[in-house]
Amino acid sequence: MEKYKPDYNRKNTRAAVARAIGYATANLSTEKPRRWSSRHMDKWFGHMHKPLGKFLRQTLTVCVDNHYDMMAKKCKSYTLNARGVAHLSNAIGVVVASIPSANDLNEIALDWAKQTYGDTIASGDFEYAEKSGRLWNDIGNLKNAIRKPLFANYGYVNEYDISCAAPNILSQYARQCGMTRPINTIDEYIAHKEEYRNSLADELGVDYSTAKRLINAKFNGARLGARNSIIDILDNNWDAHDKLKHMTWWMLLHKDIKKIWDTIKAEQCVRTLDARTRWQIYFEQELKVMKSVHKYLDKCNIKYFHEHDGWRCNSAVDLHQLKLHVTKSTGYTIYFDYEVFDV
């Protein structure tokens, strides 16, 4: 069978290729794999069973983990093929180095993102789809290296998120549900999160971000062992896995988390609490808090973009007044982390 070759003289083909290049560079890295759904790839590359869609996938991405689990909603993992980006860019008349640098790729991605989402960001009129208790918008899927400067270009330089979100919300929710048993390990972690995350990272030999992900995942049912989520977060680092398994602090954290979920399980009247159910319960409470935040921001006429347990906006927020508003409307005492993106 003759190998498929796109007709780059066709305007529609060039537009489809440019769109695919933009989306791939804005979402994928050449080094860090990312799980990516076939639904999103179909939307931006064209259907996988059509010649052009299949060609764009094969040229722009590298599948580094072919395993997927439909029931667990676990997608295949991909990295960006920089050579493929260069080949297709030059084919449609955009001159790019044969092996583009990370900066070259980010420039391509940022230009595309401005053209695609710029008007929406400038207006502040975002539409979200609610799925599994969370609000989603395609812009939120862009990698940080693109999303931060993209929003900053339109004045959204103020970045906020709920401090220690999952531990904080779940522990308070359990107390609302009637939990009276002490959870000293969790309370201590919430009060000194940076210290504990850094300590865990040092002991396991991982970075800060991985340590934070491990703790958050633990609150929602992550397990040790083969083919479970903890070893996935650790990128199959079994030395770190075994250290975690025998760590005293991790065991104490496990006991406190069990107290929380035993209380919530009784309140929810559910037979079993698998990881998906726990995340669903948490997301519902998280969204309850975030909808309260949205009402406050709307009242203050602040443009904002919602991102799970946080947001970015075009004006600084009075966090004391926001905290009072959230407590009054939800019963939760919430603190927020804040930083300004340095343009």
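Position 1 is the first residue of the sequence, and the numbers go up from there.
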**Asked** So, the side chain of Tyr160 versus the backbone of Val317: is there a donor-acceptor pair under 3.5 Å, distance only?
**Response** yes
**Asked** Does a donor on one side chain and an acceptor on the other come within less than 3.5 Å for Tyr338 and Asn158?
**Response** yes
**side-chain contact (heavy atoms from CB on, under 4.5 Å) between Asp337 and Lys193, worked out** = CA-CA 12 Å; Asp337 294 328; Lys193 61 179 182 179; 2.5 Å; yes
**Item:** Distance, nearest 0.5 Å, that separates OH of Tyr196 from CD1 of Ile186
**Value:** 12.0 Å
**Item:** Ser163 vs Phe336, side-chain contact (heavy atoms from CB on, under 4.5 Å): CA-CA, chis, key distance, verdict
**Value:** CA-CA 5 Å; Ser163 181; Phe336 300 92; 5.9 Å; no
**Prompt:** Is Trp261 reaching over with its side chain to a backbone N or O of Phe219, donor-acceptor style, under 3.5 angstrom?
**Reply:** yes
Would you tabulate the side-chain donor-acceptor contacts of residues 240-254 under 3.5 Å, counting partners in other chains and residues two or more places apart, or write 'none'?
| unit_1 | atom_1 | unit_2 | atom_2 | d |
| --- | --- | --- | --- | --- |
| His241 | NE2 | Gly225 | N | 2.8 |
| His246 | ND1 | Asp242 | O | 2.9 |
| His254 | ND1 | Lys218 | NZ | 2.9 |

**Request:** Give the intermediate values and the outcome of side-chain contact (heavy atoms from CB on, under 4.5 Å) for residues His192 and Ser199.
**Result:** CA-CA 11 Å; His192 306 284; Ser199 177; over 6 Å; no
**Message:** For Asp42, give me all partners under side-chain contact (heavy atoms from CB on, under 4.5 Å), at least two apart in sequence or on another chain.
**Reply:** His47, Met48, Arg57
**Fill in**
Closest non-hydrogen atoms of Ala97 and Ala86, given as atom of the first, atom of the second and distance, are O-CB, 3.1 Å
**Item:** Hydrophobic cluster (4.5 angstrom, side-chain heavy atoms) - remaining members for Val62
**Value:** Val64
**Fill in**
So salt bridge (charged side-chain N to carboxylate O under 4.0 Å, His left out) across residues 141-168, not counting sequence neighbours, yields Arg147-Glu307, Lys148-Glu159, Glu159-Arg312
**Message:** Between Asp318 (side chain only) and His320 (backbone N and O only), is there a donor and an acceptor less than 3.5 Å apart?
**Reply:** yes
**Complete:** Residues passing the side chain to side chain donor-acceptor pair (under 3.5 Å) test with Asn90, sequence neighbours excluded, are none
**Prompt:** Shortest non-hydrogen contact from Asn81 to Thr59?
**Reply:** ND2-O, 3.0 Å
**Item:** With Tyr332 via ring-ring contact (aromatic ring centres under 6.0 Å, His included) - residues at least two apart
**Value:** none
**Complete:** Separation between CE (Met290) and OG (Ser292), nearest 0.5 Å, reads 9.5 Å
**Prompt:** What residue pairs, at least two apart or across chains, pass ring pair (Phe, Tyr, Trp, His ring centres under 6.0 Å) with a residue in residues 286-307?
**Reply:** Phe126-Phe305, Tyr128-Phe305, Tyr128-His306, Phe151-Phe305, His294-Tyr304, His294-His306, Tyr296-His325
Below 3.5 Å, can you tabulate the donor-acceptor pairs from side chains in residues 30-38 to any protein atom, sequence neighbours excluded?
| unit_1 | atom_1 | unit_2 | atom_2 | d |
| --- | --- | --- | --- | --- |
| Arg34 | NH1 | Asn27 | O | 2.8 |
| Arg34 | NH1 | Asn141 | O | 2.7 |
| Arg34 | NH2 | Asn141 | O | 2.5 |
| Arg35 | NH1 | Cys75 | O | 2.6 |
| Arg35 | NH1 | Ser77 | OG | 3.2 |
| Arg35 | NH2 | Asp65 | OD2 | 3.4 |
| Arg35 | NH2 | Asp232 | OD1 | 3.3 |
| Ser37 | OG | His40 | N | 3.2 |
| Ser37 | OG | His40 | ND1 | 3.0 |

**Message:** Please enumerate all residues that pass side-chain contact (heavy atoms from CB on, under 4.5 Å) together with Lys291, with sequence neighbours excluded.
**Reply:** Glu130, Leu287
**Message:** Salt bridge check, Lys43 against Asp138: does any charged N sit closer than 4.0 Å to a carboxylate O?
**Reply:** yes
**Asked** Quick check: does any side chain N or O of Asp256 sit under 3.5 Å from a backbone N or O of Asn184, one acting as donor and the other as acceptor?
**Response** yes
**Asked** In Å and rounded to the nearest 0.5 Å, what is the OG1 to CG distance from Thr25 to Asp111?
**Response** 9.5 Å
**Message:** Using every non-hydrogen atom in the two residues, find where Tyr154 and Ala122 come nearest and quote the distance to one decimal.
**Reply:** CD2-CB, 4.0 Å
**Item:** Worked check of side-chain contact (heavy atoms from CB on, under 4.5 Å) between Leu88 and Leu56
**Value:** CA-CA 9 Å; Leu88 290 179; Leu56 292 173; 3.8 Å; yes
**Prompt:** Can Tyr189 and Glu195 be counted as having a side-chain donor-acceptor contact under 3.5 angstrom?
**Reply:** no
**Prompt:** Judged by atom type as modelled, is there a donor-acceptor pair below 3.5 Å linking the side chain of Thr210 to the main-chain atoms of Val206?
**Reply:** no
**Asked** Do any N or O atoms from the side chain of Lys265 and from the backbone of Arg271 form a donor-acceptor pair under 3.5 angstrom?
**Response** yes
**Asked** Taking atom CD1 of Ile281 and atom CG of Leu273, what is their separation to the nearest 0.5 Å?
**Response** 5.5 Å
**Request:** Assign the ring pair Phe55 / Tyr4 to parallel, tilted or perpendicular, where the plane angle (0 to 90°) is split at 30° and 60°.
**Result:** perpendicular
**Asked** Tell me the side chain to side chain donor-acceptor pair (under 3.5 Å) pairs involving residues 98-107, sequence neighbours left out?
**Response** Ser101-Asp104
**Asked** Taking atom types as modelled, is there a side-chain donor on Gln176 or Gln172 under 3.5 Å from an acceptor on the other?
**Response** no
**Message:** Looking at every heavy atom in both Asn220 and Ala166, which two are closest together, and how far apart are they?
**Reply:** ND2-CB, 4.2 Å
**Message:** Any salt bridge linking Asp262 with Lys258? Criterion: basic side-chain nitrogen under 4.0 Å from a carboxylate oxygen.
**Reply:** yes
**Complete:** By ring-ring contact (aromatic ring centres under 6.0 Å, His included), Trp112 pairs with (sequence neighbours left out) Tyr23, Trp44, Tyr117
**Request:** Examine distances only and state if a side-chain atom of Asn198 and a backbone atom of Glu194 form a donor-acceptor pair shorter than 3.5 Å.
**Result:** yes
**Fill in**
Residue set satisfying side-chain contact (heavy atoms from CB on, under 4.5 Å) with Arg175, at least two apart, ordered chain then number -> Ser171, Met179, Ile183, Asp187
**Item:** Thr263 side chain to Lys259 backbone, donor-acceptor under 3.5 Å
**Value:** yes
**Message:** Distance check, rounded to the nearest 0.5 Å: Thr185 atom OG1 versus Lys255 atom NZ?
**Reply:** 9.0 Å
**Message:** Measuring from atom CZ of Arg14 to atom CD1 of Ile92, what distance do you get when rounded to the nearest 0.5 angstrom?
**Reply:** 8.5 Å
